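Here is the structure we will look at, set down as structure tokens.
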There are 2 protein chains.
Amino acid sequence: MDEKLSIWKQKLKKKGLRWTKQRAAILKVLLASERPLSAQEILLRLQSQNSKLRLSTIYRNLNYFEQEQVVNLLQIDQKENKFELNNGHHHHLVCADCEEVLVLDCPLQNFEKQLSGKTDYTILEHRLNIFGICPDCKSK
Amino acid sequence: MDEKLSIWKQKLKKKGLRWTKQRAAILKVLLASERPLSAQEILLRLQSQNSKLRLSTIYRNLNYFEQEQVVNLLQIDQKENKFELNNGHHHHLVCADCEEVLVLDCPLQNFEKQLSGKTDYTILEHRLNIFGICPDCKSK
DNA sequence: GTTACTGCAAACGGTTTGCACTGTC
DNA sequence: GACAGTGCAAACCGTTTGCAGTAAC
């Protein structure tokens, strides 16, 4: 866990971002989480550890992190944005009930290539999210 | 155009929604638009026709329409939600520059079937949006 | 006549911003 | 010591809501 954290520390430093205890705290929470989190959720988890960050600090850093591609911003919730550490391109199967998340490999590489041939668009990126009900929630 | 409008009118009536001039105006704007629109954009287009709806009316109706599956809500813009008439399942290739939209057939039917076999999730829906630069914007 | 819908104004909630202070390098 | 980062409070802005009046059926 602390090894992983120091890997992210190196990444931030390479990007020219300073290593503050606030940033460490935010990344630690994201590292420990089994699913993407909103800024509010990060705040709550920090507060339960008696860590006192402001929401504005969290938002500002999440924005920096996103610019530097350290975290991904996900639109899997109507209300609030969710964030996860950037561990390469993938997609999510999200339980609509309990929010559990399964990571999926991208099924669209070929499709995207065909598309840029067919349309004359330069393809930049795509966003795919799949929603369902997980086995646990089904049996409830 | 007015024929198309009366088709939507029938659909609304079937769903038990009343046919008001506000609803007609909103659907007319969506019908005439070549791309999905935000509530604000709908308001602007209505104002330029001297039609005086409130934003709250537009939002309320878009929400009703979405519940009744008359329109789709699209998250193709970070800031504001966009809406389009529901003409069956498809996806969008959006120009990141000028917002032009190309409609795409869904490439994920098989993937979705495999997925529900592999994961024990009940698949509900998926959202896919592709972003690129259109030929016109490239040549600028 | 009943009830859904609309106008209007105010609230809501996630996110951003300005500014003085603080901590990293 | 310079300057990036933080705390704090206030603003921002898309969207929702309560309520009284109006229009669809």
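Letters go in sequence order (proteins before strands), and every chain restarts at 1. What you see is a predicted model; the values in this text were computed from it and never measured.
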Separation of dT16(C) atom C1' from I58(A) atom CD1, nearest Å, is 14 Å
More than 12 non-hydrogen atoms from neighbouring residues, nucleotides or ligands closer than 6.0 Å to CD on Q69(A), yes or no?
no
Check each of V94(B), V71(B), I76(B) against P36(B) using the side chain to side chain contact (heavy atoms under 4.5 Å, CB included) test, and report the only one that passes.
I76(B)
Gap between atoms CD and P, on Q67(B) and dT16(D) respectively (whole Å)
11 Å
Counting only side-chain heavy atoms from C-beta out, which of dT16(D), dT6(D), dC5(C) sits nearest to N63(B)?
dT16(D)
Just to be sure I understand the geometry, which residues of residues 44-57 of chain B put a non-hydrogen atom under 4.0 Å away from DNA chain C?
K52(B), R54(B), S56(B), T57(B)
Inter-residue atom distance K82(B).NZ - E41(B).CD, 0.5 Å rounding:
3.5 Å
Report yes if at least one side-chain N or O of S38(B) is closer than 4.0 Å to OP1 or OP2 of dG14(D); otherwise report no.
no
Just N and O in the side chain of Y59(B): are any of them under 4.0 Å from OP1 or OP2 of dT16(D)?
no
Under 4.0 Å between any heavy atoms, over every strand shown, what does R23(A) touch: base, sugar-phosphate, or nothing? Just pick one.
sugar-phosphate
Could you list the donor-acceptor pairs under 3.5 angstrom formed by side chains in residues 43-51 of chain A, with sequence neighbours left out?
unit_1 : atom_1 : unit_2 : atom_2 : d
S48(A) : OG     : R45(A) : O      : 2.8
Q49(A) : NE2    : R45(A) : O      : 3.4

Any Q22(B) side-chain nitrogen or oxygen under 4.0 Å from OP1 or OP2 of dC5(C)
no
R18(A) CZ to dT24(C) P, in whole Å, measures 9 Å
Tell me every residue that passes side chain to side chain contact (heavy atoms under 4.5 Å, CB included) with K11(A), counting only those two or more places apart in sequence or in another chain.
I7(A), W8(A)
Respond yes when some side-chain nitrogen or oxygen of K21(B) is under 4.0 Å from OP1 or OP2 of dC5(C), and no when none is.
no
Let me know, please, whether N81(B) or K13(B) comes out on the 5' side of the other along DNA chain D by nearest nucleotide.
N81(B)
CG (L62(B)) and CZ (R23(B)) are apart, to the nearest 0.5 Å, by 10.5 Å
Ignoring hydrogens and angles, are the base of dT16(D) and the side chain of R60(B) linked by a donor-acceptor pair under 3.5 Å?
no
More than 12 heavy atoms of other residues, nucleotides or ligands under 6.0 Å from NZ of K52(B): is that the case?
no
